[in-house]
Amino acid sequence: MTDTQLETRKLRFAESEVARYVYGHRDAFLRLVEEALDVRIGARGREVNLEGSPCDVQVAARVLRQLYALGERGFHLSSMDVGRAIDILLRDPDTDLVSIFCDEIFASKHSRIISPKGLSQKTYVDAIRKNDVVFGIGPAGTGKTYLAMAMALAAYFDKQVKRIILTRPAVEAGENLGFLPGDLAEKVNPYLRPLYDALHDMVEVEKAEQMVERGTVEVAPLAFMRGRTLNDAFIIFDEAQNATSAQVKMFLTRIGFNSKAVITGDITQIDLPSHRRSGLVEAIRLLEGIRGIAFCRFTKHDVVRHPLVQKIIDAYADASGE
């Protein structure tokens with residue numbers, strides 16, 4: 001790049017303390033912006049100088065201004081948040097990061113605030129607020145189940161519902177419960193463990209166990225839903241891609257008054273035998289467009305787990321030609 005192609009821009013922030021917070025410890029956050037956008041950044045006090053291509057300088061300025069707005073709101077930035085902010089604004093320059101990152105869904109144990117980590121997660125959370133039935137479809141690591149659990153707990157503690165019901169198909173990857181050791185509880189526990197993990201991550205273990213013992217939180221295999229009508233409940237149906245069409249229909253017709261259901265799944269990870277069609281795939285075909293039912297789709301770009309998860313998903317997608 002020649003000097004004639006470079007653009008320089010100066011930003012000036014109102015508060016030095018907030019500005020230093022945006023820079024990060026020893027300007028660590030500024031270095032992340034430099035690496036991601038191929039710009040040079042010099043900061044002193046409230047002033048920041050940017051140099052790079054016009055496009056990169058424009059994005060960098062937008063990122064820093066929005067990070068400053070988050071700092072003014074008292075949002076606790078991390079290096080992962082800065083990376084997500086850059087990625088979001090590269091894909092959608094008009095996105096308001098404050099509306100995403102400062103949307104407080106639930107205060108989990110140790111007062112950790114759970115909020116959306118990207119535009120797709122924000123869309124998903126808003127859809128759950130506005131609709132009685134929401135489908136969250138996409139790869140692992142995009143927060144589908146975790147955010148649904150946070151929304152369920154928020155609804156319960158706000159007294160919007162009286163109980164939380166968590167369910168999954170109990171037969172996956174060709175396995176059958178009858179061949180597993182132990183009683184029924186021991187047989188189904190491995191399938192339901194991820195739901196318990198999400199619950200325990202948000203609520204103290206003792207409190208979570210009390211909620212389960214009292215029936216406030218019910219974790220059960222999908223077969224246990226048959227014949228019931230679920231009123232005043234927030235219901236999460238996880239791994240729905242591994243349920244048959246009959247099972248998905250059965251679940252959806254259990255929903256009662258003042259209830260909300262969130263169905264999550266990844267249609268690229270179907271473990272049913274080849275001759276059995278995924279009920280999630282059929283539900284998408286039959287139900288999309290019905291008022292009160294929302295479909296939220298996540299992609300590999302929405303993965304919010306360890307950065308390597310994104311690379312693993314990319315590698316497998318490349319190998320399969322997706």
*Asks:* Can you name the side-chain hydrogen bond (donor to acceptor under 3.5 Å, both in side chains) partners of Asp132, sequence neighbours left out?
*Replies:*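 Residues passing side-chain hydrogen bond (donor to acceptor under 3.5 Å, both in side chains) with Asp132: none at all.
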
*Asks:* Would you kindly say whether Gln241 and Ser278 are connected by a side-chain donor-acceptor distance under 3.5 Å?
*Replies:*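 Their side chains do not contain a donor-acceptor pair, so the 3.5 Å distance test is not met.
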
*Asks:* For Phe295, enumerate each residue passing the ring-ring contact (aromatic ring centres under 6.0 Å, His included) test, keeping only those at least two apart in sequence or located in another chain.
*Replies:*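 Result, ring-ring contact (aromatic ring centres under 6.0 Å, His included) vs Phe295: Phe135.
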
*Asks:* Which residues pass the side-chain hydrogen bond (donor to acceptor under 3.5 Å, both in side chains) test with Gln210, sequence neighbours left out?
*Replies:*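 Gln210 satisfies side-chain hydrogen bond (donor to acceptor under 3.5 Å, both in side chains) with no residue once adjacent residues are dropped.
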
*Asks:* Does Phe257 belong to the same Ile/Leu/Val/Met/Phe/Trp/Tyr cluster as Met225, with side-chain heavy atoms less than 4.5 Å apart forming each link?
*Replies:*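 In one cluster with Phe257: Met225, no.
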
*Asks:* Which residues pass the side-chain hydrogen bond (donor to acceptor under 3.5 Å, both in side chains) test with Ser120, not counting sequence neighbours?
*Replies:*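 Checked Ser120 against side-chain hydrogen bond (donor to acceptor under 3.5 Å, both in side chains); matches are Asp302.
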
*Asks:* Provide the closest heavy-atom pair for Pro116 versus Val125 in the form atom of the first, atom of the second, distance.
*Replies:*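 Shortest heavy-atom contact: CG-CG2, 4.3 Å.
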
*Asks:* Is a donor from one side chain sitting under 3.5 angstrom from an acceptor on the other, for Thr123 and Asp126?
*Replies:*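 Their side chains do not contain a donor-acceptor pair, so the 3.5 Å distance test is not met.
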
*Asks:* Of Asp96, Asp103, Asp92, which meets salt bridge (Lys or Arg N to Asp or Glu O under 4.0 Å) against Lys122?
*Replies:*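 So the option named by the test is Asp103.
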
*Asks:* Are Leu70 and Ile113 linked, directly or through other ILVMFWY residues, by side chains that come within less than 4.5 angstrom of each other?
*Replies:*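 Unlinked, Leu70 and Ile113 end up in two clusters.
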
*Asks:* Is Val219 linked to Val205 within one hydrophobic cluster, defined over Ile, Leu, Val, Met, Phe, Trp and Tyr using a side-chain heavy-atom separation of less than 4.5 Å?
*Replies:*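 No.
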
*Asks:* Do Tyr23 and Phe29 have ring centres separated by under 6.0 Å?
*Replies:*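 When the ring centroids of Tyr23 and Phe29 are compared, they turn out to be at least 6.0 Å apart.
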
*Asks:* Excluding sequence neighbours, so at least two apart, what forms side-chain hydrogen bond (donor to acceptor under 3.5 Å, both in side chains) with Glu35?
*Replies:*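 Per chain and number, Glu35 pairs via side-chain hydrogen bond (donor to acceptor under 3.5 Å, both in side chains) with no residue.
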
*Asks:* Test your reading of the model: is there a side-chain donor-acceptor pair from Lys117 to the backbone of Arg84, 3.5 Å cut-off?
*Replies:*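 Answer holds: no.
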
*Asks:* Can you tell me how far the CG atom of Asp232 sits from the OH atom of Tyr156, to the nearest 0.5 Å?
*Replies:*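 With rounding to 0.5 Å, CG (Asp232) is 12.5 Å from OH (Tyr156).
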
*Asks:* Which pairs, with at least one residue in residues 210-221 and sequence neighbours excluded, count as a salt bridge (charged side-chain N to carboxylate O under 4.0 Å, His left out)?
*Replies:*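 Residue pairs with at least one partner in residues 210-221: Glu218-Arg228.
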
